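Below: one structure, written as structure tokens.
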There are 2 protein chains.
Amino acid sequence: MYGSHEHAHCVEEAINTASRICDERGLRFTGLRRRVLELIWENHGSAKAYDLLENLGGDYSAKPPTVYRTLDFLQENGLVHKINSLNAYVGCSHPLQHKDCFFLICSACNEVEECCGTAMADALRDMTAKQDFKPDHTTLEIEGRCHDCQAGVQ
Amino acid sequence: MYGSHEHAHCVEEAINTASRICDERGLRFTGLRRRVLELIWENHGSAKAYDLLENLGGDYSAKPPTVYRTLDFLQENGLVHKINSLNAYVGCSHPLQHKDCFFLICSACNEVEECCGTAMADALRDMTAKQDFKPDHTTLEIEGRCHDCQAGVQ
DNA sequence: TGAGTTATGTAATAATATAACATTTCTTGG
DNA sequence: CCAAGAAATGTTATATTATTACATAACTCA
Ligand SMILES: [Zn+2]
Ligand SMILES: [Zn+2]
Ligand SMILES: [Zn+2]
Ligand SMILES: [Zn+2]
């Protein structure tokens, strides 16, 4: 639960990082892409495509392909992840730096925490090696209760 | 790859097991439920809801709620799993016996193998415990190439 | 500048899933 | 057996999520 922290800071930092990454890669961090990424970061949970669509009034002509194309760009460049079990999107909390991340999804406060533990990655690698399976992409999403949301629930 | 094995046997066995489980639990394994489970098992990959719908001609009036309700029943009773990354459904290969299963999805032959390794389950438990997160449900889906589909691909 | 590329706009539609209510089928106590 | 009541299925409509195809606009760089 991040209820009380100064959240504008997270958004700002995420945007700055994204901007830097795009610069480094020669990608265009357009107004639309910036705005969508801001909207995604404006809570610590996940954002649904059609909610983003609704919130993209003003300058941006908001139709589904606009949002999905932007989400594609952000995902391809590691700035956003899709949460398959929710059909929703979260900002990547450490772009460029990770491989094999997974997500802790709190069903009480709806926050999504992204984790990159080598222990999990190792276990996954061992397991797939044992089956002689060559993994390309892993979806690991754990739904439950975060630390702060366990109070009084046992 | 199960290309050459006598697949009718798998279907039959899955149906028999499901029938037994429903009997034991006082659940009704109706014609519709049996037929949907058969269709799901008729390949080793996964089945999409609307494909099931198409294949449910004949006796069954095939409209979306018919299929989704049946899938709900089968999932609730552990006979079928949903693969979130594919929006598709697979028969459970060991109903009743498992907890914490995960899926190896071959993007070449489309087969889905269900695995229940305690090593993975342990790693997951350690990881979530470390974060003080209480997991309720885990989605773990690994897309890649199965043993038989790696030939000639490096 | 202007030709080529990349990004965005727009309309239509596909794919996945659920809500709400009617009807049928099954079960079970009387 | 027979009528509640419960469970399952039928039916219509609609919600939600995502893509295709083609038009226009903005940017790049020679
Ligand atoms: Zn990430
Ligand atoms: Zn929480
Ligand atoms: Zn299973
Ligand atoms: Zn394969």
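All chains are named by letter (A, B, ...) in the order of the sequence lines, taking the proteins before the strands, and each is independently numbered beginning at 1. Quick note: numbers below take in every heavy atom, side chains included, and nothing from hydrogens, waters or symmetry partners. Remember, it's a predicted structure, so these values are computed and weren't measured experimentally.
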Checklist outcome for this item: Residues at least two apart in sequence or cross-chain that pass side-chain contact (heavy atoms from CB on, under 4.5 Å) with Glu24(B), listed by chain then number, are Arg20(B), Leu96(B)
Item to check | Phosphate-side-chain proximity, Lys48(A) and dT17(D), N/O vs OP1/OP2 below 4.0 Å | outcome: yes
Checklist entry - Looking just at side-chain N and O atoms, do His81(A) and Gln75(A) make a donor-acceptor pair shorter than 3.5 Å? => result no
Checklist entry - If you measure from the Lys or Arg side-chain nitrogens to the Asp or Glu carboxylate oxygens, is any gap between Glu76(A) and Lys82(A) under 4.0 Å? => result no
Item to check | NZ or CZ of Arg33(B) within 45° of Phe73(B) ring axis and under 6.0 Å | outcome: yes
Item to check | DNA chain D contacts made by residues 30-42 of chain B, counting heavy atoms under 4.0 Å | outcome: Thr30(B), Leu32(B), Arg33(B)
Item to check | Residue-level proximity of residues 74-91 of chain B to DNA chain D when a heavy atom falls under 4.0 Å | outcome: none
Item to check | From CG (Leu32(B)) to CG (Leu56(B)), nearest 0.5 Å | outcome: 6.5 Å
Checklist entry - If we ignore angles and hydrogens, is there a donor and acceptor under 3.5 Å between the side chains of His147(B) and Gln131(A)? => result no
Checklist entry - Given dT10(C), is OP1 or OP2 found less than 4.0 Å from the side-chain N or O atoms of Ser61(A)? => result yes
Next on the checklist: Within a 6.0 Å radius of atom NE2 on His137(A), are there more than 12 heavy atoms belonging to other residues, nucleotides or ligands?
Outcome noted: no
Checklist entry - Using a cut-off of less than 4.0 Å, is there contact between a side-chain N or O of Lys63(B) and OP1 or OP2 of dT9(D)? => result no
Checklist outcome for this item: Separation between CZ (Arg35(A)) and CG (Leu39(A)), nearest 0.5 Å, reads 4.0 Å
Checklist entry - How does protein contact run along nucleotides 19-27 of chain D, one letter per nucleotide 5' to 3', with B for base contact, S for sugar-phosphate only, - for none, heavy atoms under 4.0 Å? => result BB------S
Checklist outcome for this item: Heavy-atom nearest pair, Phe103(B) first then Glu114(B), reads CE2-CG, 3.7 Å
Could you tabulate the donor-acceptor pairs under 3.5 Å formed by side-chain atoms of residues 115-128 of chain A, not counting sequence neighbours?
from	atom 1	to	atom 2	distance (Å)
Asp122(A)	OD1	Arg125(A)	NH2	2.5
Thr128(A)	OG1	Leu124(A)	O	3.0
Thr128(A)	OG1	Arg125(A)	O	3.1

Checklist entry - Which angle, to the nearest 10 degrees, lies between the helix axes at the two ends of the helix from dT1(C)-dA30(D) to dG30(C)-dC1(D), each defined by five pairs? => result 20°
